[in-house]
Undergrad: 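Once you've had a glance at the structure underneath, I'll fire off some questions.
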Amino acid sequence: MTNTYKFNDTSMLVEHFSVSEFRCKCGGSHDTIINPELPEKLERLFKALNCSAIVINSGYRCPTHSVNVGGSTTDFHTKGYAADIICYDQSGNKISSKKVSCAAQDVGFGGIANIDSTYTATHVDVRTSNFWKGDEVVTSDYSVTDDFYSYYGIPKSSGNVSITSAIVARGIDVSEHQGVIDWDRVKASGKVDFAIFRAGYGKESSQVDKQFERNYSECKRLNIPVSAYWYSCPI
Ligand SMILES: [Zn+2]
Ligand SMILES: [Zn+2]
């Protein structure tokens, strides 16, 4: 599925990306084709890496331009599925393509590749299968990886790549097993945006969670948004 935009369309597709950023750079003034998943995933990448900017060096390419820059008439740039990008951190420095590749993997891009010898430019596309390449232009290692973290030796827990900035709200799931919760302390921590309660379990209405009523009234008192579930095991 793709959308087609007039050459002079400058409307925003998502918070940080407009149609004009995906324009073909052949010099012509033809339409721009964009798969809507591309700006959506770029937006998620922007947040996952806590970028100050992502510059699209090349987005949509008409078949003629694609051939002129070394591609084919049918590659993912000509379909509106792909972008070659450089990501900038909050200090305005380029983020390593190694980190960008890891984050692009987390975001769910189908095609990912480092495309320059200094690890600053990254190709991403929204094909449905996975095709991930790393060191091709650096060491002529043409192998495909299924995990950029291990490929580049970046520990997943290192904090090198953070998806925390993409989190919109944090919640806790509690029941009587957490005991009598000090909800004033929960509120004061500033780390909990909502709570979900086990209201009860099994098929008997008498099996109400022993802390449910209190957890509910405490959260209401402290204006903590709540929801609840009834725990059961299908048999
Ligand atoms: Zn063109
Ligand atoms: Zn590309």
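Values reported hereafter were calculated over all heavy atoms of this structure, with side chains retained and with hydrogens, waters and symmetry mates removed. Counting convention: from 1, in listed order, for ligands and their atoms alike.
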Undergrad: Run the side-chain contact (heavy atoms from CB on, under 4.5 Å) test against R214 and tell me which residues pass, sequence neighbours left out.
TA: V180, W183, Q211, E218
Undergrad: Evaluate the criterion salt bridge (charged side-chain N to carboxylate O under 4.0 Å, His left out) for residue pair D84 and R61; output intermediate values, then yes/no.
TA: CA-CA 11 Å; D84 297 342; R61 294 172 187 160; 2.8 Å; yes
Undergrad: Take the Zn ion (ligand 2) and tell me which protein N, O or S atoms are nearer than 2.8 Å.
TA: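 Result, waters dropped: H77 NE2, D84 OD1, H123 ND1.
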Undergrad: Run the ring-centre check on H123 versus H77 and record whether the distance is less than 6.0 Å.
TA: yes
Undergrad: Quick one: are the ring centres of W132 and F148 less than 6.0 Å apart?
TA: yes
Undergrad: Check D209 with R198, please: is the shortest side-chain N to carboxylate O separation under 4.0 Å?
TA: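 Salt bridge: yes.
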Undergrad: With a 4.0 Å cut-off, would you call D89 and K99 a salt bridge?
TA: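 Here D89 does not pair with K99 in a salt bridge, since their nearest N and O are not under 4.0 Å apart.
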Undergrad: Taking side-chain contact (heavy atoms from CB on, under 4.5 Å) as the test, write out the residues that go with D116, two or more places apart.
TA: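 Checked D116 against side-chain contact (heavy atoms from CB on, under 4.5 Å); matches are N114, T118, T120, A121.
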Undergrad: Run through the protein N/O/S atoms less than 2.8 Å from the Zn ion (ligand 1) and write them out by chain and number.
TA: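 Result, waters dropped: C24 SG, C26 SG, H30 NE2, C62 SG.
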Undergrad: Measure the NZ-OG distance between K6 and S20 for me, rounded to the nearest 0.5 Å.
TA: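 Atom-to-atom, K6:NZ and S20:OG are 16.0 Å apart.
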Undergrad: Can you tell whether the side chains of R221 and D184 come within less than 4.0 Å, N to carboxylate O?
TA: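 Looking at D184 together with R221, the answer is yes, because their closest N to O distance falls below 4.0 Å.
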